[in-house]
Amino acid sequence: MSFVEYGDTIKDGDTAIVFLGHESMFPVKVQHGGVTQTKYGVIRHSTDLIGKKYGSKVTCSKGGWVFILHPTPELWTVNLPHRTQILYSTDISVITMMLELKPGSIVCESGTGSGSLSHALIRTVAPTGHLYTVEFHQQRAEKAKEEFREHGVEHLVTVTNQDVCKNGFGVSGIADAVFLDIPSPWEAIGHAKSALKAEGGRICSFSPCIEQVQRTCLAMEEYGFTEINTLEILLRVYNVRTISLQIPDLGKAAEDNSSAGFDSSNPSNQGSPGTNLQQGTVQFKSGVPLKEMVGHTGYLTFATKSLF
């Protein structure tokens, strides 16, 4: 099992996603003799998982069933154990596009955190690219190394435990892109410029506060970065529901047209979809925004290393 290569069969040691529904799923490490409890009953790894195909429908001990999915960066983002606040797919998709990442790209990242963005970056630059990720916190760095090894991507990533603001990324002149998600990104702009290739590259800084953005932009200008711009991604989710509205009274002309064009005794006109003549209402689908939703996550500041 690897997060960058699809495997057809569930094997011992794999990380799999137990899917109970769109709002209910969780990761599980498959082990011989292991069991997993769900609200539908027990899943026995040896008999129910190992050797089965990913995407299989597995019946639990109480008669309910779940699907077992192959892990992807997107599924990992919504199921990973949180060691820090993480970036979600809304921001990640824009980051990978605006940094112009592709297979073979070299990327520097700080900090690693819970590894949400890291897994997406690794999948994007695979199979010939590489991610150099720096984490200040030692335990988080060690846990990230363990997860990358378990997920079959350790050959595509190098994890370093150090302060990027003081010691940089540990590489120089090789990166196509740099990503910063640290409290004081302006202190790491110089190291980011050193890590980027001589022929240029892209940088992105994620910050939740506009004051951080202002200081970061000033530092980018000081180090000669160009095309500096900041944007904010807001995800607006709509709830689709069926609503009923009364048919308006359009007067006698409408009644005449209705009696001429609609015969209620005709079986073909009875039970017409979306209408209820007895109640004088019409039903249709409508989308409305949720009353509560996640709004601001952070500001994304992008810039390009100048060649001069």
Under the ring-ring contact (aromatic ring centres under 6.0 Å, His included) rule, collect the residues that match up with His22, sequence neighbours excluded. Phe19
With sequence neighbours excluded, what pairs up with Glu150 under the salt bridge (Lys or Arg N to Asp or Glu O under 4.0 Å) test? Lys29
Side chain to side chain donor-acceptor pair (under 3.5 Å) partners of Thr38, counting only residues at least two apart: none
Applying side chain to side chain donor-acceptor pair (under 3.5 Å), name anything that partners Gln138, two or more places apart in sequence or on another chain. Glu142
Using a 3.5 Å cut-off and no angle test, enumerate the donor-acceptor pairs between side-chain atoms of residues 55-65 and protein atoms at least two apart in sequence or in another chain.
| unit_1 | atom_1 | unit_2 | atom_2 | d |
| --- | --- | --- | --- | --- |
| Ser56 | OG | Lys53 | N | 3.4 |
| Ser56 | OG | Lys53 | O | 2.4 |
| Ser61 | OG | Val42 | N | 2.7 |

Applying salt bridge (Lys or Arg N to Asp or Glu O under 4.0 Å) to Lys197 and not counting sequence neighbours gives Asp176
Do His45 and His32 have ring centres separated by under 6.0 Å? no
Under the salt bridge (Lys or Arg N to Asp or Glu O under 4.0 Å) test, residues paired with Glu109 that sit two or more places apart: none
Taking salt bridge (Lys or Arg N to Asp or Glu O under 4.0 Å) as the test, write out the residues that go with Glu146, two or more places apart. Lys143
Could you tell me which residues satisfy side chain to side chain donor-acceptor pair (under 3.5 Å) with Thr216, sequence neighbours excluded, listed by chain and number? none
Which residues end up grouped with Val178 if you chain together Ile, Leu, Val, Met, Phe, Trp and Tyr wherever their side-chain heavy atoms are less than 4.5 Å apart? Ile106, Tyr132, Val134, Val164, Phe169, Val171, Ile174, Leu180, Ile182, Ile189, Leu196, Ile203, Met220, Tyr223, Phe225, Ile228
Mind checking what makes side chain to side chain donor-acceptor pair (under 3.5 Å) contact with Glu232, not counting sequence neighbours? His296
Only pairs at least two apart or in different chains count here, so list each salt bridge (Lys or Arg N to Asp or Glu O under 4.0 Å) that has a residue in residues 111-129. Glu74-Arg123
Quick one: does Asp14's side chain have a donor or acceptor within less than 3.5 Å of a partner on Ala16's backbone? no
